[in-house]
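These notes are about the structure you will find just below.
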2 protein chains.
Amino acid sequence: MNYLHMEQKIQRTFIRDEVYEILLDWIVTGTLRADQQIRDKEISKQLGVSRTPIREALLRLENEGFVQTKANSSTFVTPINYDEISHYYSIAYTLEKLAVEDMFTKITNQHLKKMEIVNQEMYHSIQKGEYFTAVKKDTEFHALFISLSSNSELKKMLANLKQKLKRIELFYYDKAKGVHLSFSEHKKIIAAFKQNDMNLTLDSVEQNWRNGMERIQKYLIEKGDM
Amino acid sequence: MNYLHMEQKIQRTFIRDEVYEILLDWIVTGTLRADQQIRDKEISKQLGVSRTPIREALLRLENEGFVQTKANSSTFVTPINYDEISHYYSIAYTLEKLAVEDMFTKITNQHLKKMEIVNQEMYHSIQKGEYFTAVKKDTEFHALFISLSSNSELKKMLANLKQKLKRIELFYYDKAKGVHLSFSEHKKIIAAFKQNDMNLTLDSVEQNWRNGMERIQKYLIEKGDM
DNA sequence: AAAAATTTGTGCGTATGTATA
DNA sequence: GTATACATACGCACAAATTTT
């Protein structure tokens, strides 16, 4: 057997893609804050590459709504808009429910076991106050069943939406420490899958999302930001 | 009163955006066919601009899935994938139904009248065999109620999806002349709105999309392309 | 009103992949 | 299968245009 053929073809990496991933991470995790200016020249020096790949990464981020550019003036991180939050949440759970409809029959006990483990890990992260890890585990939990859908276009759109929601959640969870993630709601989703009840699963998925959205909205109202 | 202040600020146009619109139109309408190679140098000469805005437009088209680039080799129009068709259709009607839920109470008799007119115009275009205009009128019909939704992120996503579906529909309607657009189904949607029955409206919207998808799939099976 | 900062657009050399001998 | 030649995208430095201070 020739093991050479088993190796994955070396994927060429583009500087623009690497820059995109770095900048996206900085925006999502809050290293780059809302309204903060981004100068391609500065990033260029910081990352040690020319300005072309930086510009290309910024153009993509602009198309996806993470940054905004005023012509010949400045590029800055898109601020979080209160109206957009509920918009994105409703799109996300609508599409995630479509994914559930598609993958519902494909789930196995192994998947469910893995979901329970990840959910437990999320719980422990919350206990330790590690919000970054907790949000990551939450995303991983949902990804476990979404990935079973055969609708690859849907998966791409959901992955993109998740980045936007992740940014929102990290922003508010950091501010409102009292807010808790959805450990018990995830258990309901697992139970619904186990009962092989699709409608119940869809409802519990939607409820999970709605609660997440309401936790943020409640915080906004309390703080008088809305 | 100073009328100067009432005038809209002159929006600067970017070459990259103009190039994007032109290339997108060429791809959607079939001027650029599937798998056809696109050389930035060639487009550059043809449109009389430098290669940078061409590259930027191509990068955006690549992110949106309309073209594909082999590293350091070639850029070509993404072929229509049979699996993707049903994927995109299901995403489209799922999101359009979400838009209907959002705008349902906002519709007026004037909107419904306009929808009837556009539907009639679509019918006449079909009669005259003008498929390009017919598909355009179909898109316009749906846009009439979608635009009433306040979820601007949803509207953007739907507009993007429509471009992809428009390409698919123009491709197959051109090949399968027998295929007809959904004049009577649109009448059902209008009737459901008039009866103020949201569930019926949602069902008729989904049915309209499903039929459109099935018309194409039927053609594919007949021709043995699947 | 002018200068400074920043994005936008141009041209070019290089690296990579593909076809051909 | 190998080496060579060719085509194309990739990244860089420079110049122009525009907005803001």
Side-chain angles (χ1 to χ4, degrees), chain A residues 2 4-5 7-23 26-27 32-79, chain B residues 4-5 7-24 26-27 32-79:
Chain A
N2 190 341
L4 285 172
H5 293 292
E7 288 183 26
Q8 274 204 335
K9 192 180 176 187
I10 294 158
Q11 198 71 28
R12 220 206 125 184
T13 59
F14 298 99
I15 300 180
R16 59 163 174 266
D17 292 334
E18 293 178 40
V19 174
Y20 168 83
E21 296 293 346
I22 291 169
L23 290 178
W26 287 355
I27 293 170
L32 286 170
R33 284 193 300 278
D35 283 315
Q36 188 168 344
Q37 196 175 346
I38 299 177
R39 294 174 202 79
D40 53 10
K41 204 175 174 180
E42 199 174 285
I43 306 288
S44 164
K45 219 167 71 181
Q46 196 168 348
L47 299 180
V49 291
S50 117
R51 289 171 53 219
T52 303
I54 310 282
R55 278 181 53 189
E56 290 170 342
L58 286 173
L59 280 169
R60 182 168 166 198
L61 289 167
E62 190 181 12
N63 288 334
E64 294 173 358
F66 290 104
V67 304
Q68 280 175 290
T69 298
K70 287 192 224 169
N72 303 306
S73 166
S74 63
T75 304
F76 57 95
V77 180
T78 303
Chain B
L4 284 173
H5 292 291
E7 288 184 26
Q8 274 206 332
K9 193 178 178 186
I10 293 159
Q11 197 71 27
R12 220 206 124 184
T13 59
F14 299 101
I15 299 179
R16 58 163 177 263
D17 292 335
E18 292 178 42
V19 174
Y20 168 83
E21 296 293 345
I22 290 169
L23 290 178
L24 179 61
W26 285 356
I27 293 169
L32 286 170
R33 284 192 301 278
D35 282 314
Q36 187 169 344
Q37 196 175 346
I38 299 178
R39 294 175 200 81
D40 54 6
K41 206 173 175 180
E42 199 174 285
I43 306 289
S44 164
K45 218 167 73 181
Q46 197 168 347
L47 299 180
V49 291
S50 122
R51 286 167 48 222
T52 302
I54 309 283
R55 276 183 54 188
E56 290 171 341
L58 286 174
L59 279 169
R60 183 169 167 197
L61 289 168
E62 190 181 12
N63 289 333
E64 294 173 357
F66 290 104
V67 305
Q68 281 176 287
T69 298
K70 288 190 220 168
N72 304 307
S73 166
S74 62
T75 304
F76 56 95
V77 179
T78 302

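Excluded from the calculations below are hydrogen atoms, water molecules and symmetry mates; all remaining heavy atoms, backbone and side chain alike, are included. Each chain gets a letter, A, B and so on, in the order the sequences are listed, and its residues count up from 1.
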What integer distance in Å separates A/E18:CD from D/dC10:P?
14 Å
A/V19 side chain reached by A/R16 side chain, heavy atoms, under 4.5 Å
no
Assuming nearest nucleotide by heavy-atom distance, tell me which of A/T52 and A/K70 is located more 5' along DNA chain D.
A/T52
Please round to the nearest 0.5 Å and tell me the distance separating atom CD1 of A/I38 and atom CZ of A/F66.
11.5 Å
Contact between A/K41 and A/I54 at the side-chain level, heavy atoms closer than 4.5 Å - yes or no?
no
Is the phosphate of C/dG11 approached by B/R51 (side-chain N or O, under 4.0 Å from OP1 or OP2)?
no
Quick one: does A/E64's side chain get under 4.5 Å of A/Y20's, heavy atoms only?
yes
Under 4.0 Å from any atom of DNA chain D, heavy atoms only: list the residues of residues 33-50 of chain B that qualify, in numerical order.
B/Q37, B/I38, B/R39, B/D40
So what's C/dA1 paired with, Watson-Crick or G-U wobble, going by both distances under 3.5 Å?
none
I'd like to check the side-chain contact (heavy atoms from CB on, under 4.5 Å) partners of B/T78; sequence neighbours left out, ordered by chain and number.
B/Q68
Nearest-Å distance for atom pair CD1/C1', residues A/I15 and D/dA9:
13 Å
Let me know the distance between CZ of A/R16 and C1' of D/dA9, rounded to the nearest Å.
9 Å
To the nearest angstrom, the CG-P distance between B/N72 and C/dT16 comes to 7 Å
Using a cut-off of strictly less than 4.0 Å between a heavy atom of the residue and any atom of DNA chain D, enumerate the qualifying residues of residues 55-67 of chain A by number.
none
Donor-acceptor contacts under 3.5 Å from residues 43-50 of chain B side chains, at least two apart:
residue	atom	partner	partner atom	Å
B/S44	OG	B/V49	O	2.6
B/S50	OG	B/T52	N	3.1

Which is more 5' along DNA chain D, the nucleotide nearest A/P53 or the one nearest B/S74? Just name the residue.
B/S74
Run the side-chain contact (heavy atoms from CB on, under 4.5 Å) test against B/S74 and tell me which residues pass, sequence neighbours left out.
B/Q37, B/K70, B/F76
Taking atom P of D/dA13 as reference, at what distance in whole Å does atom CD1 of A/I54 sit?
12 Å
Would you indicate whether the side-chain heavy atoms of A/T69 and A/L58 approach each other to under 4.5 Å?
no
Would you say a side-chain N or O of A/T75 is under 4.0 Å from OP1 or OP2 of C/dT7?
yes
Are the side chains of B/L23 and B/L61 in contact, using a 4.5 Å heavy-atom criterion?
yes
Salt bridge flag under 4.0 Å for residues A/D40 and A/R51
yes
Set out, line by line, the N/O atom pairs under 3.5 Å between protein and nucleotides 1-5 of chain D.
none

Just compare D/dG11, D/dT19, C/dG9 and give me whichever is closest to any side-chain atom of A/F14.
D/dG11
Does the structure show a Watson-Crick or G-U wobble partner for D/dG1, both distances under 3.5 Å? Name it, or say none.
none
Smallest separation among heavy atoms of A/P79 and A/A34, with atom names:
CA-CB, 3.7 Å
Tell me what B/S73 touches on the nucleic acid: a base, only sugar-phosphate, or nothing, going by heavy atoms under 4.0 Å.
sugar-phosphate
Stepwise side-chain contact (heavy atoms from CB on, under 4.5 Å) test for A/D17 and A/R60
CA-CA 10 Å; A/D17 292 334; A/R60 182 168 166 198; 3.9 Å; yes
